[in-house]
Structure formats: C-alpha cells, structure tokens
Amino acid sequence: MLLEVDNITLLYGRIQALHGISVTVDQGEIVALIGANGAGKTTTMRAISGLHAVASGRIRFNGTDITRMRADLRVIQGICQSPEGRGVFPGMSVKDNLEMGAYTRRDTANIAKDIQHVLELFPRLRERFKQPGGTLSGGEQQMLAVGRALMSRPKLLLLDEPSMGLAPMLIQQIFEIITEINERDGTTILLVEQNAQQALSRAHRAYVLETGKIVKEGSGRELLNDPAVKDAYLGVA
Amino acid sequence: KQDEGGSGSTEAGKVCDLKIGFFGALSAADSGLVLPGKQAADMAVKQYNAKHADCKVSIQPYDSQGKPELAGGLATSAVGDTKVVAMVGPAFSGESETANPIFQQAGLPVITQSATRPSLADNSWTIFHRGVGNDFSQGPAAAAYIKGLNAQKVFVVDDQSAYGAGLADEVKKALGPLVTATDKATDNQQDFSAIVTKVTSSGATALFYGGYTEEASPFLKQLRAAGYKGTFVGGDGIYDANMLSVTGKADVEGAVATCPCAPATTAKGTFVQDFQAEYNAAPGVYADVAYDLTNIFLEAIGEGKSTRADIQAFLTSYNKAGSATGVTYKWDAKGELDPTQVRVWAYVAKDGAWAPDKEIPKA
Amino acid sequence: MQFNDLIHGFPVLTITGLTQGAIYALVALGYTLVYGVLRLINFAHSDVFMIGTFGAIWTWSAFGFDANSARPSLGEALGLIALAIVVAAILCGMFAMLVEVTAYRPLRARNAPPLAFLITAIGASFVLSEGMGAFTNRRQFGVPAMLPTDPVINLGGWSLTPLQISTLAVAILAMIGLDWFVQHTRFGRGIRAVAQDGNTAALMGVNKNRVILLVFLIGGLMAGVAAVMSDMKAASTRFNVGFLIGLKAFAAAVLGGIGNLRGAALGGILLGLVENYGSAVFGTNFRDFIGFLVLILLLMFRPTGLLGESLGRARA
Amino acid sequence: MPETPPEPQDASERDVTSERDAAPDARTTVGVPAEPPTGDSTAHPAPTDLAGRKALLEVDNVTLRFGGVVALDQVNFNLYEGEILGLIGPNGAGKTTCFNAMTGVYAPTSGEIRFQGKKLSGRARYKITQLGIARTFQNIRLFPEMTALENVMVGADAHHKTSVPSALLRLPRYWQEERSGRERSHELLDFVGIRRHGEAARNLSYGEQRRLEIARALATSPALLCLDEPAAGFNPAEKDSLLQLIRDIRGTGVTVLLIEHDMRLVMGVTDRIVVLEFGKKIAEGSPAEVRDNPKVIAAYLGVPADAA
Amino acid sequence: MTDLRTRWRGFRSGMSQRWDRLPKASKIGLIVVFIVFLYALPNKGFYEYLGLPLGEYIPLYTTRNDMATVLFQCGYYILLALGLNIVVGYAGLLDLGFFGFFAVGAYTVATLTSPTSKIFTEYNWLDSPWPWLVALPLAIALSLLAGVILGWPVLRLRGDYLAIVTLGFAEMIRIVAQQNDWIFNGDRGITQIAHPPGSSGGKPIFAFDAKPYYWLVLTVIIGMVFLIRNLVRSRVGRAWVAIREDEDAAELMGVPTYKFKIWAFAMGAGIGGFSGALWAGQANFVNSSTFRLEQSILVLAAVLLGGAGNIFGAILGGFLVIYVPEWLRSIGDVFGLPEQVRIAGEPYDVSATNLRYLFFGIILIVVMIFRPQGLWPNRRRAAEIKDREKEAMVGA
Ligand SMILES: Nc1ncnc2c1ncn2[C@@H]1O[C@H](COP(=O)(O)OP(=O)(O)OP(=O)(O)O)[C@@H](O)[C@H]1O
Ligand SMILES: Nc1ncnc2c1ncn2[C@@H]1O[C@H](COP(=O)(O)OP(=O)(O)OP(=O)(O)O)[C@@H](O)[C@H]1O
Ligand SMILES: [Mg+2]
Ligand SMILES: [Mg+2]
C-alpha cells in the first residue's frame with residue numbers, strides 16, 4: 001500500500017469533521033472520494049497532506065508513519081496536493097507558481113523540462129506565462145494548480161475538485177489528463193470530485209463519504225451502478 | 001505643620017539608621033542625568049559610614065523615572081517613612097512641581113541638585129533649597145561669555161526640556177540682536193541634519209545649546225562633521241565627563257560649558273579621583289553637586305540633627321563651600337542659592353578634559 | 001516659517017535627508033518583511049537595530065578605537081566599517097531570530113490570535129531594550145571617527161561626504177541585493193509564497209518556520225547594516241536609540257505600503273526627505289509632526305500606501 | 001434537525017429571557033418591510049408584469065467592469081413582488097457580482113438598479129439593507145463568535161433606533177427594542193429550524209449555519225431576500241427541506257431571488273429563471289422554457305436536467 | 001507541569017461553576033464585600049486590623065511607593081483600559097495612540113483650572129480659573145470630540161494602517177503640547193491645577209493625599225462598568241462585535257458600521273479623557289513629557305494582557321501593568337537582594353527597581369504564550385482561542 005489512512009478523526013474546534021476514516025491507495029491507482037458538500041472530503045485531504053492535525057488515527061505513506069509529520073516534509077516524501085480553491089499564489093507569475101511546485105526538488109536541470117511538459121499539457125498557460133496568478137481566469141487558475149502539483153513529481157497526487165470552475169469542455173480535458181498522468185507517468189492519484197459521474201468512471205476504486213464517515217467503498221464501476229449512489233450523487237450532472 | 005521627624009529621638013542617644021532620600025529618574029530614559037548623582041550620593045554615604053560605623057546613615061532611592069505623574073506617590077511614601085529626614089532632589093523641575101508640595105506639608109527639607117526652573121522658588125515652599133543657580137543666573141552669564149567671544153552671529157538651540165528651553169530663553173534675552181537664528185531639538189534626537197544645515201548656512205560663529213549631553217554630544221559631532229568651525233557653548237547640562245568621552249577629544253575640543261559652579265580646588269577635593277576609583281568611570285552630570293549636597297545633610301546628621309525640623313533649621317544657617325564643586329552653599333529665604341554665591345564659570349574642553357577658563361563676571 | 005532655509009539649504013537638506021532616509025529604509029525593510037509574512041508589527045525590531053549600534057561600537061573598540069581615537073586611514077576605516085557591518089548584521093540577525101523563536105513561534109504553534117503577538121512583541125521589545133539598558137548601565141557611548149568628513153564630491157552646492165556616499169551605496173546595494181534575493185532565488189520564492197498563502201506554500205514543500213526564521217534573519221541583517229551607518233552618522237548610541245528610529249521606520253514601511261519591499265525603500269527615503277525639508281521650514285521641533293502629517297494625509301488618499309501591498313496578497 | 005419549520009419549540013431549549021411576554025407590537029410575521037415605500041424624489045413608476053404585479057427590483061442595463069474583466073454586460077431583468085426568481089449560469093458568469101451590485105458592494109459601471117422605484121446607486125450598503133434588500137453569502141459569513149441568537153439580533157437591529165445614549169442609560173426604547181428584537185429573533189430561529197439559540201455560530205453544523213444566514217437576513221425585515229447558493233453542501237433531504245423553507249418565506253410575502261447550481265431545487269421552486277453567461281443575459285423565462293432553451297443547454301446544462 | 005495545569009483548570013472551572021450556581025442574592029453580597037475590600041485597600045489600618053505587619057513584606061502592599069498613589073495610578077489606568085477595550089476589544093480597531101485622549105482630558109482641565117495657565121497669564125481669554133468640577137464635563141466632551149475628529153477620516157482605513165495613524169495622532173498631540181511658547185507651556189507645564197471640590201472639617205478632601213482620589217476613581221470605575229455593560233449588551237455592543245467579526249457582512253446586515261466605529265472611538269476617547277481629567281487633578285501638574293508613546297503601548301498591553309473584549313479583563317490588565325512593576329520594586333527588599341553587583345570592576349545596578357521593566361517584558365511574553373487569550377478573557381473568546389489551538393497545522 002502506498003497510502004494507508006487508518007481510522008482518523010479530526011476536529012474543527014468542537015466540531016468533529018471526520019469520524020474514523022480509513023482509506024487505502026495502492027501504487028498506481030486512481031482512487032476517488034465522493035460525497036456531498038461538507039461530507040469531509042477536503043478535510044480528509046488536508047489530514048493527508050498535513051494541513052490539519054488529526055485528533056486520532058494513523059496515516060502511513062510508503063511504509064513510514066507520517067501522522068505527525070510536518071506538511072512540507074510530506075511533500076519531500078512525495079505527497080503533493082492541488083488544494084481546493086486552487087491556492088494559486090496571486091502575486092506570483094505563472095512561471096514562479098510552477099517553480100514553487102518544484103520547491104523541494106534539487107535537480108534544477110530537469111525543472112525547466114518539466115515546466116515545458118506542463119505547458120504542453122496546458123498550452124493556455126504558455127500564453128499566460130508571465131502573468132500574475134491572481135489575474136488568471138478561474139479555469140486557468142485550476143490548470144495552474146494542477147500543473148504546479150505535477151511539478152513536484154509526486155508519488156501521490158492529491159487532487160481536490162480539479163474540475164471545479166471549469167467549462168464543460170475543459171472538464172472532459174482535465175479528466176483525460178488525469179488518466180494520462182496516471183497511465184503514462186504511473187502517478188498514483190487520490191481524487192476528490194463533485195463530478196461523481198466522471199470521477200467514478202475513471203477511478204479504479206472509490207469511497208463514498210457522508211458526514212465524516214465512509215459509507216460505501218468499491219470499484220468505480222460498482223459504485224457507478226449502485227442505485228443509492230446514483231440517487232444521491234449522480235442525480236444532477 | 002511639622003512632622004515629628006526622626007523616630008524616638010532623645011537628647012542623650014544619637015538616632016541611627018537615618019535615611020537621606022534621593023529623588024529622581026533612576027531608571028527609564030532620563031536616568032542618565034540622575035544616576036551619576038545617585039552614585040555620588042552613595043559614595044558620600046559610604047565615606048560617612050566608614051567614619052561612623054557605629055551609627056550609619058543610608059540613601060533611600062525614590063525612582064520617579066523623571067515622570068511627574070509618578071512623583072506624587074513616591075513623595076507621599078517618602079514622607080510616610082519617618083526615618084527619611086532629608087532629601088536630595090527631586091532632580092527635575094517637573095517632578096518637583098508635584099513632589100515638593102507634599103514635602104512642604106510634611107516639612108521634609110529638600111535640596112535639589114539640578115532642578116533649575118526659576119519659578120520653583122516662588123511657591124513659598126520653606127523646605128525648598130536649590131543647590132545650583134537657576135536659569136536666571138546662568139543664562140545671562142552664558143550670554144556674557146558669548147559676547148566676550150566677539151561673536152556677531154549666534155545660533156541658539158534648545159532641546160525643549162524645561163531646563164534647556166529655560167536656559168536658552170535667558171540666553172536669547174541677554175544676547176538680543178546677536179541671535180541670528182534659533183531651532184529646537186527634541187528628546188532622544190539622533191539625527192540633527194536639518195539643524196546642522198541651518199547652522200552652517202547661517203554663518204554663525206557661536207552656537208548656544210540649552211540641553212543635556214545626550215543630545216548635545218551627537219549634535220556637536222554632527223556639526224563638526226558638517227564643517228562647522230564656530231564655538232559650541234552649553235550650560236551645566238553638558239558639563240560632565242560624558243560630554244568629553246562620548247563626543248571624543250577631537251570634536252569636543254574648544255567646546256564651552258558654563259556652570260554655576262567653581263572649579264574643584266585640588267587642594268580640598270579628591271572627588272573626581274574617588275569617583276573614578278569607586279565606579280570605574282568619570283563622574284557624570286551633577287555628580288559633584290549631589291555629592292556636596294549629600295555631604296551637607298551628612299554633616300547635619302553627624303552633628304546630631306535627627307529630625308526634619310532640625311535639619312531644616314541647619315540648612316537655614318548653613319554657609320560653607322562644598323569640596324567637589326567649590327560652591328559656597330548659603331540659601332536665601334526663597335531657597336535660592338545666595339546670589340552672591342552663585343558664581344558662574346566657563347569651562348573649555350581641552351585635550352579631553354574640562355579646563356576652567358574663567359569666572360564669568362556678573363553683568 | 002522659514003522658506004529661506006529650505007531654498008538655501010536645499011542641496012544639503014536633500015542629501016542629508018536621503019542619507020537618513022536610507023537608514024530608515026533599511027530598518028523599514030525588516031518591518032515590512034515580517035509584516036508581509038506574518039501580518040505582525042514586530043515592535044522588537046527597533047531594539048534589534050539598537051543592539052546593532054552596540055555591535056559596531058564593540059567591534060571597533062576591540063580594535064582599540066573609541067570616541068577619542070584618531071581617525072584611521074581611509075583603507076583601514078573601510079576595513080573596519082566592513083567588519084562592523086558584518087558583526088552588527090550577524091548580531092542583529094541572531095537577535096531577530098531569537099525574538100522569533102522565543103516570542104512568536106510558540107504563539108504560532110498555538111494558533112494564537114494576532115493581538116497576542118502584538119503583546120509578546122511589546123514584551124520582547126521591553127526585554128531587549130531594558131536588558132541592554134542594564135547591561136550598559138544606561139550609558140551613552142560615543143562612536144569613533146572613521147571616515148574623513150570633508151566632501152569628496154562637490155558640484156555647485158551639491159556636495160557629498162564619504163559617509164553619505166558610503167551610506168547611500170551600502171543601502172542601495174543592500175536593497176538591490178535583497179530585492180534580487182526575494183525575486184530570483186528559491187528561498188526568495190519561498191518567502192513570497194509564505195507571504196501570499198502560508199498553507200499552500202507548505203503544500204509545495206516550503207518549511208514555513210524556516211522561511212519565517214529566514215525573514216527575521218534578513219530583517220536583522222538589514223537592521224545591522226543600518227545600525228552601523230546610523231552609528232557613524234549620529235555619532236553616539238544608547239540603549240533607547242531604537243525607539244524613535246523604529247517608529248520612523250515603521251511609518252516609512254506603511255508610507256510605502258506595508259509588506260512591499262520597494263515600498264519600504266521608497267517610504268524611508270521619502271520620510272527622510274520630508275522630515276528634513278519640514279524641519280527647515282517649520283523648525284526641527286515639528287520634524288516628527290510633519291512626518292506623521294504627511295503619512296496621514298497620504299493614507300487618506302492612498303489607503304494602502306504609495307506602492308500598495310505586494311509581498312502579501314495582491315489586490316486584483 | 002426539524003425537517004420543516006416552524007414547529008413550536010421546547011421551551012427549555014430557549015434562552016430564559018424569551019419566556020417573557022412578547023411586547024404588544026412585536027412582529028409575528030416574518031417578512032413585511034419595516035417602512036412602507038415612501039415617496040422618494042428618485043422614485044420611478046414601477047413597471048408591472050403580465051399578472052399585474054409591480055416590479056420590486058429593476059436591473060436596468062447594468063454593466064460592471066473590474067479593470068478589463070466585464071463581469072456584467074448590459075444586464076436587464078425585473079423582479080416582481082411575491083415571486084421567486086432563479087439566477088443561474090456557469091461559474092464566473094456574474095451571478096454573485098449581480099448580488100453584489102444590488103446590495104451596494106460594487107457600484108455598477110453603468111446602468112442602474114432600482115428597488116421599489118428608488119435608485120440604489122450611491123446609497124450606503126446598510127441603507128440598502130434598511131430599504132428592504134437582504135442577502136446571504138456564497139461562502140458563509142456569519143459572526144462566528146456570536147451566538148445564533150445574537151447573529152439574528154444583529155439583523156433585527158437594522159430597523160432599531162437604540163442609540164448610544166439610550167443604551168447607556170437603558171431608556172425605555174432600549175427595553176422595548178431589545179425585547180421585541182429578541183422575541184422576533186427566537187421566532188425566526190424556530191422558523192428556519194435551529195434549536196440551539198445560545199450556541200456560538202461557529203459551532204453550529206454546516207446546514208444550520210446556512211439556515212442561520214437565512215434567519216439573520218430575514219430579521220432585517222426584507223421585501224427582497226437574495227440567496228446565494230443556499231443549498232451548497234446540502235444532501236438531497238436537506239435540499240428538500242430548504243425548498244420548503246423558501247416557499248414558506250415567499251408565503252410570508254417576501255420576494256426571493258435565488259442563485260443555485262442545483263437544478264432540481266431551482267426548477268422546483270422558482271417561478272421564473274434568468275440565465276447569465278459571461279456577464280450577459282442569455283435567457284429568461286419559466287423553468288420549463290429555460291430548461292429547453294438550446295442556448296442554456298449549450299452554455300450551462302450540458303445534458304438535459306432529467307437525464308442520467 | 002501538565003498535571004498542575006489540569007488540576008488548576010479543574011479548580012478554575014469548578015470555581016466558575018460554583019459561582020454560576022450561586023443565588024443572585026449571594027452573588028450581589030459577595031460583590032459588595034469585594035467592593036468594600038477595594039475601598040479599604042489603601043488604608044494602613046486595614047492591614048493592621050488584619051494583623052499584617054506592614055514594615056515587612058506583605059503580598060499586597062507596595063513598600064517602595066505610597067500604596068494609595070499606586071492604587072490611584074492603577075485606577076486611572078483601569079479607566080484607560082476600559083476605554084481602549086471598547087475600541088480594541090469590542091470594535092476590533094487597533095488604536096496605538098490612545099493616550100492622546102488622556103492628554104486632551106488632562107490638558108483641558110489643566111488649562112482651564114490652573115491660575116498659572118497661559119489662558120489667564122498671557123492670553124486673558126478668561127477672567128478666572130474654573131473649578132475642577134466645571135472643567136470636567138468639558139474635558140470629557142472635548143476628548144470625545146477629539147475621538148470623532150480623529151475617527152472621521154481614519155476609520156475608513158484598514159486595521160494596521162489605523163494603528164500607525166492613531167499612533168501618529170498621539171505623537172502630534174504631544175508635539176503640540178511640547179511647544180514651550182504655545183498654550184500648553186511644553187515641558188515646563190502647567191502647575192497648580194484645581195482639585196475636585198469637597199472639604200471635611202474645614203480641610204479640603206482632595207489635596208495631596210492620594211487616598212480620596214483612589215476612592216473617587218474607584219467609584220468612577222464602578223459606575224463605568226455598569227454603563228459599559230449596558231452598552232455592550234445592547235444593539236450598540238452587538239454592532240461592535242459584528243464589526244469586529246466581519247465588517248462587510250455587518251454592513252450588509254444593516255449595521256451602520258462607520259457610525260458605530262466612530263461611536264466606539266468617541267466612547268473610548270471620552271473615557272480616556274475622563275481618566276486624564278481625574279489624573280490632572282491629582283497630579284496637580286501636567287507637562288508634555290507625561291504623554292509619551294510608551295504609555296499608549298502600556299494601555300494596549302493592559303487590555304490584551306487582561307483579555308480583550310471583557311470588561312473585567314481590561315480592569316485586571318489595567319491594574320497589573322501598573323501594579324506589577326511597582327510591586328517588583330519591593331521584591332528586592334523582600335528577598336534582601338543586592339542592589340548592585342560588580343562585574344570586571346564595572347558596577348551594575350541589579351535592583352528590582354532598575355530591572356523591573358525587563359521582568360515585566362518577560363512576564364508579558366510568558367503570559368501570552370501560555371494564555372494567548374489574556375488572563376481573563378470573555379468566555380466566548382476563550383473558547384474560540386482554545387478551538388484555534390486545536391486547528392494549528394501539524395508541527396507549525
Ligand atoms: N475551518 C473550519 N472550521 C469549522 N468547520 C469546518 C472548517 N472547515 C470545514 N469545516 C466543516 O467540516 C465538515 C467537512 O468539510 P469539508 O470541507 O471536508 O467537506 P467537503 O466534503 O470537502 O465538501 P465540499 O464539497 O464543499 O468541498 C463540514 O461540515 C464543514 O462545515
Ligand atoms: N473584485 C473583483 N475583481 C476582479 N474580477 C472580479 C472581482 N469579482 C469578481 N470578478 C470576476 O467577475 C466574474 C464574475 O464573478 P461572479 O463571482 O459574479 O461569478 P458567479 O456567477 O457568482 O460564479 P459562481 O457560480 O462560481 O459563484 C468572474 O470572472 C470573476 O473573476
Ligand atoms: Mg471540499
Ligand atoms: Mg457566485
């Protein structure tokens with residue numbers, strides 16, 4: 001197992017947001033987390049990336065216990081997150097933002113190459129290369145956030161709602177890119193999506209969250225055809 | 001109304017463990033002007049106690065931080081301590097305004113070493129004594145000295161403190177049309193660029209600074225760095241060793257300090273050497289005055305005066321010269337140093353020391 | 001009002017104002033950096049500067065120079081100044097980091113509200129200045145003469161002394177160096193990233209605490225440089241010299257747009273000039289009055305300072 | 001959590017003070033603007049719709065630019081008294097911006113917005129609220145450390161007149177307004193279905209926070225209530241109860257403007273829908289009309305809403 | 001350590017629960033007893049009655065300074081803290097120049113009531129000095145007005161800019177006061193300020209003894225507490241808290257934010273001015289060097305140390321920032337510590353008097369690290385801050 005999240009709970013002040021979540025992600029998989037707004041998907045991601053301390057439970061990555069490890073050290077371990085709401089550095093150019101993604105990398109020579117790679121994936125970013133991140137359109141910012149996450153060459157890529165704010169055409173494209181980096185580069189991906197339809201059809205496995213608990217888990221196909229899931233999450237595209 | 005003063009005094013036994021208060025800014029920003037005096041007072045008491053091991057006296061510090069708003073409470077607390085029979089201070093005029101009425105009520109005699117505001121003497125405080133001449137005596141003398149330099153253009157600067165401004169005002173009055181321009185510095189000022197520019201472009205050949213070493217020293221150095229060649233004259237606020245050591249020999253050379261104090265006569269006084277030995281530093285501003293004033297009180301106690309009233313009476317008839325300052329201490333009814341005793345001297349910085357230049361004749 | 005003084009002294013006032021402004025600017029950088037990253041007015045910064053002024057004096061006295069010493073030769077002087085800059089900068093950097101580690105980091109670890117930081121900042125300021133006051137017996141120390149005072153450049157009233165030249169040169173170099181560091185190095189990117197969004201920066205692998213420590217270090221280094229220049233200009237120092245200059249530098253940082261490095265530089269220089277011109281016209285007793293008046297008026301019209309805030313969140 | 005409001009609450013749950021008798025003038029209805037529309041110099045004769053209802057709000061050729069970004073481009077639509085109007089469109093279409101222009105957060109670059117015939121431009125935001133427009137926020141913006149009750153009372157205070165002197169001395173007006181405001185706030189909390197009136201807002205559950213925002217907005221006695229994605233974060237059951245709540249609000253005479261991405265909710269509750277794309281209005285009409293509009297399908301719906 | 005802390009917490013919550021459970025009559029009774037205790041504090045007789053030896057160390061009494069005066073100082077600082085607490089604690093506006101209003105109040109009383117004031121000696125604007133009691137309302141009104149005049153332009157600025165502007169404003173007031181040739185007579189100041197009226201047995205009650213002043217200021221504080229409580233539990237207080245929490249949302253909910261911010265400023269300023277007026281009467285002398293910037297910072301420290309947003313926190317803070325340094329002066333006497341040590345021949349003053357602000361600084365840091373919410377925060381704040389603590393990032 002690349003990532004084992006074992007029965008974690010998490011508090012926001014006095015509110016318990018996670019009530020014992022267990023998630024595993026195997027090398028090379030795409031795993032999706034779906035659930036309503038406020039179910040705790042983002043919170044789970046934050047716990048894995050270290051943005052928020054868990055109250056109990058363990059997180060293991062690649063054999064090491066990272067439960068109490070600092071967020072930036074987890075990046076060095078190979079976990080990189082494209083956060084919800086994109087988290088583009090507004091005052092920094094696209095170039096600087098992408099370089100920030102490679103912050104922990106020492107192989108400076110390859111960084112330039114990887115930037116080129118990201119620009120090939122998202123040609124629109126090349127046009128905006130010197131523009132401050134804050135002035136990009138929402139869709140462009142989303143591309144930048146995903147591209148920036150790729151820059152760290154993560155072993156595990158955490159994508160929190162990558163399709164948010166994208167035009168329908170772009171949504172299709174971003175999911176294709178997700179499949180591509182998974183298949184071509186072998187990057188393991190944990191994906192949070194509101195667009196359950198797409199997410200489930202691309203994921204190898206998936207979990208359904210409801211109010212901080214996992215209520216279902218299975219292969220993407222299975223869940224896609226599960227009537228309860230259909231009713232709750234696939235009702236309206 | 002008189003307090004009982006020293007506790008349990010009897011004709012037969014001497015009263016021991018009496019305290020002399022020392023009132024002033026012993027901490028906070030302005031303490032540099034007061035601490036040397038406190039050290040000198042401590043030294044005087046130490047010397048006294050060495051001779052009177054059986055019946056010692058101590059200094060009771062009252063740290064007002066120089067703030068009038070704190071002075072009242074300290075004064076009340078001093079008055080409440082019956083062992084305190086005399087007070088050196090308050091060091092500044094501002095705090096004197098709040099503290100002295102309280103001392104007056106309790107009949108606690110005070111001699112201030114450095115509060116020179118003339119109006120302090122106009123409050124009919126019988127307990128009030130001033131160990132130095134006030135601004136009225138020093139200002140005109142400084143002006144007379146400057147006139148003696150044949151300066152045709154004089155620049156007058158003060159630091160806006162009660163002391164500095166008071167002195168500068170008297171100087172301006174006495175100099176009249178010789179004053180070409182004036183400016184005001186502020187407390188803790190470090191950068192004097194603008195004043196320096198004004199001074200150098202004014203063509204003044206003499207400059208009077210009303211204020212203390214703390215600002216005077218950097219001001220003088222910056223003046224010299226900007227090429228000002230005229231004479232720098234200050235009051236007793238700069239007549240201290242720090243003015244020499246902080247400014248440095250080269251730049252302070254030729255600077256003049258007027259002081260209502262006569263040169264210490266080497267025959268009598270070993271004050272400077274003693275102080276140096278005791279504190280490993282040259283005596284700072286007002287140290288010599290405080291030393292002499294403390295000794296006056298010690299003399300009274302040594303003579304068996306052990307109540308506030310006794311000591312007050314002792315001061316009324318006192319008439320002797322102090323060893324450190326050479327000033328003859330004798331007070332008039334208002335508590336001012338007898339005007340005939342106020343002799344203002346000019347000192348010139350020469351080779352890193354204050355050398356007596358001359359006594360300035362009264363105008 | 002004496003406009004004559006302003007007109008006649010204009011070249012000199014401009015140059016001395018620029019010099020003082022350069023010192024303000026260097027100190028202001030420390031305020032602005034810390035503010036940009038932590039949104040914190042680091043009250044203790046002025047006292048870090050004060051420690052630097054002593055660092056320089058101690059360095060020189062170690063070589064036997066005190067206020068009474070004769071001026072060293074130019075070459076010697078430059079060497080001594082460079083050495084003092086290194087010592088003071090390191091000393092200030094260390095104290096700045098010490099403040100961060102002891103007074104701010106524990107609060108961050110507890111996610112304390114911003115106002116709590118203000119109090120520890122005040123506390124740290126007390127500790128540094130009062131500690132130094134006790135350590136130096138609250139005495140004033142003179143600065144040895146280093147550079148010759150005669151102007152070396154003189155162009156029709158516009159003359160520059162070696163001290164002014166070196167102050168301006170050192171300040172400009174330090175500021176350009178800092179700007180380059182922040183704009184073009186990996187660490188600089190880290191600083192900007194933390195300033196804009198600390199959490200996301202952590203997600204990129206930035207060690208937030210290390211970056212913050214670095215920011216304090218840089219602020220301290222700049223304060224150390226400023227301290228040496230200020231020493232030579234003011235010619236004396238005391239345990240409480242930080243207060244006033246810190247106040248001015250903070251005002252300068254706000255004037256330029258707090259959080260904005262170039263703004264701090266601009267604000268410092270502007271404040272130095274305004275104060276000098278104002279002093280000439282209205283008297284030096286109104287120097288600070290004019291400084292604040294200009295600041296307030298400017299904020300009325302440009303509520304986020306001259307250049308706005310840039311290290312922090314950019315406003316679209 | 002109560003599914004549908006307003007069940008009488010268990011008294012023990014409440015703050016003690018609310019047990020006092022209601023002041024005689026305490027309002028018991030929910031909406032009703034505090035001041036009837038008065039003759040204003042800027043007043044316009046309000047247009048009416050086919051059913052003869054007067055236009056409450058007129059968005060008249062409004063353009064709003066941010067630097068180069070045209071967030072609203074010549075947008076025109078009216079809102080008629082008593083209706084529920086949906087405002088939909090893709091992300092970044094300008095829906096929230098439209099709210100912001102209506103509530104005085106942004107001033108339109110050109111065009112104007114009239115409420116009850118009165119121009120809104122140039123009015124302070126709090127005055128617009130006092131005129132009778134209230135809103136909720138896309139990202140919840142409660143006063144997190146105040147209790148639920150206090151949050152609502154801040155809204156109720158919008159029409160109160162207690163000034164510093166009368167509060168200092170607790171003059172009669174203070175007592176009267178404090179009591180009536182408290183009563184009304186308790187009622188509104190019950191109405192939206194929040195039980196824990198004394199709990200700090202930040203400790204309420206996500207759904208309760210959303211509803212608390214609605215209660216706070218209603219407390220300002222609006223004639224028009226603007227809801228910005230109120231169902232975000234709701235599960236289907238909660239969405240249903242929200243739908244009922246919106247209907248109930250309209251039932252008390254309040255006009256509702258609703259931004260929402262959940263089509264089931266929008267189609268189910270609105271009378272009319274306006275669709276924005278890139279700041280332009282691309283369609284307007286009944287839910288059925290809009291659903292079948294090819295432009296809307298292309299820009300926003302993608303697949304018909306009842307597919308899948 | 002942790003054990004102690006948990007036990008202390010248990011004790012505290014136990015106490016506060018017990019307090020909550022007390023019947024109203026007992027609560028009032030206890031409060032009355034406490035108030036009586038406060039009035040008795042400066043009386044030596046009180047300690048003697050309790051059998052506490054005064055000459056030696058007793059925990060409350062300040063041996064190096066007159067207790068009544070110290071208490072009076074605490075009193076006017078508490079008033080200041082109460083005023084600033086409205087501005088910073090409730091409305092959330094960072095004011096670094098609050099002492100400026102204190103100056104306005106003090107100078108108003110000083111110039112109007114002192115026969116040495118230039119109004120009478122130079123300008124002849126008025127015929128004769130006013131009684132203190134007549135000058136007082138004007139002092140309060142003028143400082144209130146100063147609050148409005150300052151607030152009017154600057155309250156449109158955001159938080160940290162507001163801080164520097166208020167700071168600058170206070171400095172400007174001080175600089176104006178510092179001008180020797182202007183009305184306030186600079187550092188030379190104004191003497192012979194009037195005392196409050198009243199006499200007993202032919203002698204004026206208010207003269208140089210600080211005790212009556214302490215009682216007066218204590219009475220004012222008690223009155224203020226009631227008035228401020230009234231205010232913060234009304235529409236006005238709710239508006240302030242709403243502004244602090246989310247200014248935009250508050251305005252969109254119909255709160256005239258600007259107006260209430262000005263009110264907060266004005267109320268705070270008025271109380272600050274009141275404090276200054278009381279002080280001027282007691283000090284009998286006002287000059288420009290009193291109004292240093294450090295004072296403003298100390299008041300702010302008082303509010304935050306005590307616990308912003310809570311009336312009693314502000315009171316505690318105001319008390320502590322004056323009392324602790326004063327009390328530290330006596331510490332050396334208690335433990336018989338040396339006043340001076342020599343290191344390498346150089347004498348160093350290590351008396352508690354000299355080092356007390358050093359200790360005070362350390363205390364500020366330590367207290368804030370362990371209690372970032374202040375010593376006595378309001379319950380809501382305390383909960384918020386505890387919650388925040390749990391939300392810290394891993395290892396941050
Ligand atoms: N900073 C916070 N403080 C308090 N509660 C929070 C905070 N952040 C999230 N929550 C609560 O925690 C729960 C889980 O939130 P989370 O953001 O993980 O949901 P999500 O599944 O990612 O939803 P979405 O689809 O909206 O992104 C929600 O009830 C939310 O209100
Ligand atoms: N303050 C601003 N400065 C610059 N551009 C802005 C600003 N506010 C909004 N915009 C831009 O205006 C456009 C409309 O934004 P708006 O928030 O109204 O969208 P929306 O329709 O509410 O979208 P969503 O469904 O995501 O809430 C967007 O392109 C946005 O980037
Ligand atoms: Mg989420
Ligand atoms: Mg929106």
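In this text the structure is predicted, and so the values were computed from the model without any measurement. Naming convention: chains lettered A, B, ... in sequence-line order (proteins, then strands); numbering from 1 in each chain.
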key: Cation-aromatic face contact Arg189(C)/Tyr103(A), 6.0 Å, 45 degrees   = no

ask   = To the nearest 0.5 Å, what is the distance between CD (Gln183(C)) and OG (Ser93(A))?
value = 9.5 Å

task = Would you mind reporting whether Leu203(C) and Pro83(A) have side-chain heavy atoms less than 4.5 Å apart?
result = yes

inquiry  = Within this structure, what is the CD-CE distance for the pair Gln196(C) and Met92(A), rounded to the nearest 0.5 Å?
reply    = 6.0 Å

ask   = Passes side chain to side chain contact (heavy atoms under 4.5 Å, CB included), Arg186(C) versus Arg105(A)? Steps please.
value = CA-CA 10 Å; Arg186(C) 177 169 167 271; Arg105(A) 281 172 54 181; over 6 Å; no

query = Do you know which of Ile76(A), Leu73(A), Asp96(A) has the most heavy-atom pairs with chain C at a distance under 4.5 angstrom?
reply = Asp96(A)

Interchain contact, Gln77(A) with chain C, by part (heavy-atom threshold 4.5 Å) = neither

query = After noting the C-alpha distance and the side-chain angles of Met100(A) and Val206(C), does the key distance pass the side chain to side chain contact (heavy atoms under 4.5 Å, CB included) rule?
reply = CA-CA 9 Å; Met100(A) 274 312 297; Val206(C) 181; 3.4 Å; yes

task = Please look at Ser49(A) and chain C and tell me whether the side chain, the backbone, both or neither of the residue comes under 4.5 angstrom of a heavy atom of that chain.
result = both

note = Between the CG atom in Leu51(A) and the OG1 atom in Thr200(C), the distance rounded to the nearest 0.5 Å is 7.5 Å

Stepwise side chain to side chain contact (heavy atoms under 4.5 Å, CB included) test for Asn207(C) and Arg70(A) = CA-CA 8 Å; Asn207(C) 182 341; Arg70(A) 268 196 341 248; 2.5 Å; yes

